[in-house]
Structure formats: structure tokens, C-alpha cells
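Naming: A, B, ... by sequence-line order, numbering from 1 per chain. Below, each value reflects all heavy atoms present in this structure, side chains not excepted, and no hydrogens, waters or symmetry copies. These figures come from a predicted structure and were not determined experimentally.
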There are 2 protein chains.
Amino acid sequence: MIEQLKDIPVFSSLSDNSFHEFSNYMECVQYPKGTTIIHADKVEPYFYVLKSGIARAYSDGENQQITFWFGQKGDVLFSFNSYINNSTGYENIELLENCSLIRIRLTDLFSLYNRHLEIANWGRKIAEQELIATERRLIDRAFKGAAERYQEFITQSPELIKRVALKHIASYLGVTQVTLSRIRASYK
Amino acid sequence: MIEQLKDIPVFSSLSDNSFHEFSNYMECVQYPKGTTIIHADKVEPYFYVLKSGIARAYSDGENQQITFWFGQKGDVLFSFNSYINNSTGYENIELLENCSLIRIRLTDLFSLYNRHLEIANWGRKIAEQELIATERRLIDRAFKGAAERYQEFITQSPELIKRVALKHIASYLGVTQVTLSRIRASYK
DNA sequence: GGTAACATTTTACAAATGTTAAAAAATGAA
DNA sequence: TTCATTTTTTAACATTTGTAAAATGTTACC
């Protein structure tokens, strides 16, 4: 069961040895659609990898809720603030479908980081990949209009377009749902 | 010379041993205002820490240039794409003042990551801190209007307001210079 | 000081996006 | 299916922000 997890791309850079050590702390879990597995007002104790299903991270504001991340099969999923600062934060993560996940306790993960060179570098690369993707989005918002961002989203995430409500995609793209509807109407 | 660098916060988490090992590869350099030390179209070989002065990272578009990062004393400074993907990217970094920097070759840094557990975890934390700051900005853009972002910028980066041209701050905040002028005018 | 180069503000107008409300369409449960 | 709920679209209007160009302010250098 755990062994086939090595095929998940996020683990592929690990040697057999490191993966085996890692897997001692892994646990598989399933949750139904609608479950909120990360709560903004809690320090969440787990780091997850999504085996199947879709999730979104969102933040609550006064009049709105904005979605700033989608996770699909193979993506890592955690509370930035719990993981990085051991504090509560602004992120909720909600499962948009029934999901299978692998999880590891942050305390175990941190312990691995402090004992295993290869796993510490694995953790470094996880953060780096998230970083470059996040900065890319920040820059894209400056250079590209909402219509172009929508087009790119369609081509880069065809699965999400089919399976995620447009209201979530609108806020992910940084526009209201009304604006997204107008963009979509203009392509007819 | 190198020894006093241990007081720079980014190095404070390292043990004396690790810092000493690290410092074998460090080099101090000075460049004048206006120097571009990171070029978007090159794979840049160095990772820098800013000892004094101010820098900005920007990306060139068709009709505009957008600034997406400012660096001050103590900040790390590198080409995300060179560092993370060993590729050219979209970032230029320009020194806005005469600057003193410490630099280390990426090849040496990567070698340290692969030999030193503590330094690998140092690198992990560097990426994590950049990540949480970048995501914070992405979310702030959704929740806060341009005027509020400007107010926060003033309180959080009072040094930058004094020393950086408003046209750069405008694009950092995600508005045109005209809009920033209007925001500023509204506080008189 | 005078001048050139550059930065900032202001103005007038245009375009994009937001807001609100309602209608239409899709979804899901009984 | 039918009904209730939710999602998506559409419409009218308000607001924000952008664009272009001119006016003003600032800086650095001869």
C-alpha cells in the first residue's frame, strides 16, 4: 500500500532508503467531499499529499471568501502558517471531492528534517517549487488581463475547469464571478 | 570581516560550526547604484545577501516593467529560476543604491546543501520564508484595495518610501503611477 | 544659475471591473 | 419527476483604474 506511493512524483526524488524511512511515518486517510481538513484558526498537525480528488485553499474576508490555491492528485497540502511558523494563519483547505490522502505528522516530519540530509533537501525543494509557482502567479496578474489568465487556466488546468465551481475559479483568477461570466460569454 | 556577518539575521540560526563552513565560500562585493546584478536572460551563478543598500526585482513586459520585490539590508537576493530550476527566468535585479553584498556561488551552496544537514535546513527555511511572504502578498491583493496596500507599505517599509521612486512602488503595489498619485493626493 | 533628464502630479476621457438584483440554468435530494 | 437549492448568467448602473498628454517638481551636472 505504502510502497506504491513512491510513484507519486513528489516522492520520486527520494532514494529507496529515504523513502522507506519516510514511509514509516506515513498514514493513508480518506475524507468525504466538503471536509475542511485545514482550519485557519488552528495550528494543524499534519502535512498531506493528495492521492486523489481535488481541494482548494481559501481565506475568509469580511464580505467575501477568496480561493487562492487548488490541489490535485500528487500535490502537497498543508497550512503554511502551521508548517512554517507553528502558528495559526489565514488558510482553510476544503476538499471539493472525496479524497484519498497520505499524511505525516509535522512533528515527525520536522524530526526527519533534523536527522536526514536527503529529506531535509526534499523539504527544501517542496518549498522552492511552491515559491516559484506563487511568484509566477503574482507576476502574471500584473502582466495579463483577466481574460488571458482565464485562457491559461483552461489550458494548464483542464481538469479543474471541469470539476470546480466557477465561483471558486473566479476568485482564484482575481475577479468577481460576474466578470468571469462576461469573459466566458465573450468566447461564444 | 566575514565573522561579523554572523550578526546578519539570516545567518543567526546557524551554529558556529556551520557558519564557519559556510563562510569559507563567502565573498564580499560592492556594486554601484544602477548595477543590474541579476539578468532575466542569464543563468546567474551567485546567491547574494544584501549588507547595505536597496535593490529591486523587476520583470519586463511589452509596454511596461513591473517591480515585484524590494530588498533591504539583511535580505537574500537571487534569481529564483537560476537557483531553483537552473534556468533563465523573468527576473532582473537592479541595485537602487550603492550596495555591499555577500555572495556565494550556487554550485558551492548546492554542494553545502548536499553535505550539511544544518545548511540544508537553513536553505529550506529561506525558501519557506520567501514563500509565506509571497503568498501573503497575493492574498492581500484580493482583500485590500490599492489605498490600503499603500498605507500598509508605508508602515511596514518606511525606509523604502523614502528611498525608492514612486513609479517602482506603484508597480509593486499593483497599480499605475497615476493611481498611486491619486491615492496619495487623497490623504492631503 | 541654467539646462537637460527624469519623476511626479494633474486633467480629461476611456475601458475594465465591481455591485446589486433578477432571471435562467444546473444540481441534488426526496 | 418535482421541488428546493445552488450556481451561473445577464442587465443596468456605479466605481475604480487605466491611458495619454500636459504641467509641475526634482535632480544632477556643466
Trainee: Just how far, in rounded Å, is C1' of C:dT17 from CZ of A:R149?
Mentor: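 In whole Å, C:dT17 C1' and A:R149 CZ are 11 Å from each other.
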Trainee: Once you measure the plane-to-plane angle for B:F47 and B:F78, does it fall in the parallel (<30°), tilted (30-60°) or perpendicular (>60°) bin?
Mentor: parallel
Trainee: Report, one pair per line, the protein and nucleotides 28-30 of chain D atoms (nitrogen or oxygen only) whose separation is under 3.5 Å.
Mentor:
none

Trainee: Figure out the CG/C1' separation between A:L166 and D:dT8, and round it to whole Å.
Mentor: 7 Å
Trainee: Give a yes or no on whether B:K73 atom NZ has more than 12 heavy-atom contacts from other residues, nucleotides or ligands under 6.0 Å away.
Mentor: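 No, not enclosed.
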Trainee: So how far is it from A:L50 CG to A:L77 CG, rounded to the nearest 0.5 Å?
Mentor: 6.0 Å
Trainee: When clusters are formed by joining ILVMFWY residues with side-chain heavy atoms under 4.5 Å apart, either directly or through shared neighbours, do A:V43 and B:I132 land in the same one?
Mentor: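 A:V43 and B:I132: separate clusters.
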Trainee: Taking the six-membered ring of A:Y172, is NZ or CZ of A:R137 closer than 6.0 Å to its centre and within 45° of its axis?
Mentor: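 Cation-pi check for A:R137 and A:Y172: passes.
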Trainee: Nearest whole Å is fine: how far is C:dA26 C1' from A:K167 NZ?
Mentor: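 Taking atom C1' of C:dA26 as the reference, NZ of A:K167 is at 13 Å.
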Trainee: Distance check needed: D:dT7 P versus A:H168 NE2, whole Å only.
Mentor: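 Answer to the nearest Å: 7 Å.
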Trainee: When the ring planes of A:F22 and A:F11 are compared, do they come out parallel, tilted or perpendicular, using 30° and 60° as the limits?
Mentor: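 Correct class here is perpendicular.
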Trainee: State, without any angle test, whether A:E118 and A:S15 hold a side-chain donor-acceptor pair at a distance under 3.5 Å.
Mentor: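 Judged by distance alone, the side chains do pair up.
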Trainee: Output one line per pair: protein atom, nucleotide atom from nucleotides 17-20 of chain D, and distance, for all N/O pairs under 3.5 Å.
Mentor:
from: D:dG18; atom 1: OP2; to: B:T176; atom 2: N; distance (Å): 3.1
from: D:dG18; atom 1: OP2; to: B:T176; atom 2: OG1; distance (Å): 3.0
from: D:dG18; atom 1: OP2; to: B:T179; atom 2: OG1; distance (Å): 2.3
from: D:dG18; atom 1: N7; to: B:R182; atom 2: NH2; distance (Å): 2.6
from: D:dG18; atom 1: O6; to: B:R182; atom 2: NH1; distance (Å): 3.2

Trainee: B:Y31 and side-chain contact (heavy atoms from CB on, under 4.5 Å): which single residue from B:T36, B:L95, B:N98 fits?
Mentor: B:L95
Trainee: Measure the spacing between OG of A:S100 and OH of A:Y48 and express it to the nearest 0.5 Å.
Mentor: 13.0 Å
Trainee: If you group Ile, Leu, Val, Met, Phe, Trp and Tyr by side-chain heavy-atom gaps below 4.5 Å, do A:V76 and B:L131 land in one group?
Mentor: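 Yes: a chain of side-chain contacts under 4.5 Å links A:V76 to B:L131.
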Trainee: Output the rounded distance in Å from OH (B:Y150) to P (C:dT8).
Mentor: 11 Å
Trainee: Between the axis at one end of the helix from C:dG1-D:dC30 to C:dA30-D:dT1 and the axis at the other (five pairs apiece), what's the angle to 10 degrees?
Mentor: 50°
Trainee: Output the single nucleotide from D:dT10, C:dT9, D:dT8 whose closest atom is nearest the side chain of A:A165.
Mentor: D:dT8
Trainee: Only one of A:E94, A:R56, A:K167 passes side-chain hydrogen bond (donor to acceptor under 3.5 Å, both in side chains) with A:T67; say which it is.
Mentor: A:R56
Trainee: Send over the distance from A:L96 CG to D:dT7 C1', rounded to a whole Å.
Mentor: 14 Å
Trainee: Rounding to a whole Å, what distance do you find between A:R184:CZ and C:dA26:C1'?
Mentor: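 Going from CZ in A:R184 over to C1' in C:dA26 covers 13 Å.
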Trainee: May I have the distance from A:R163 (atom CZ) to C:dA26 (atom P), rounded to whole angstrom?
Mentor: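 Rounding to the nearest Å, CZ of A:R163 and P of C:dA26 are 21 Å apart.
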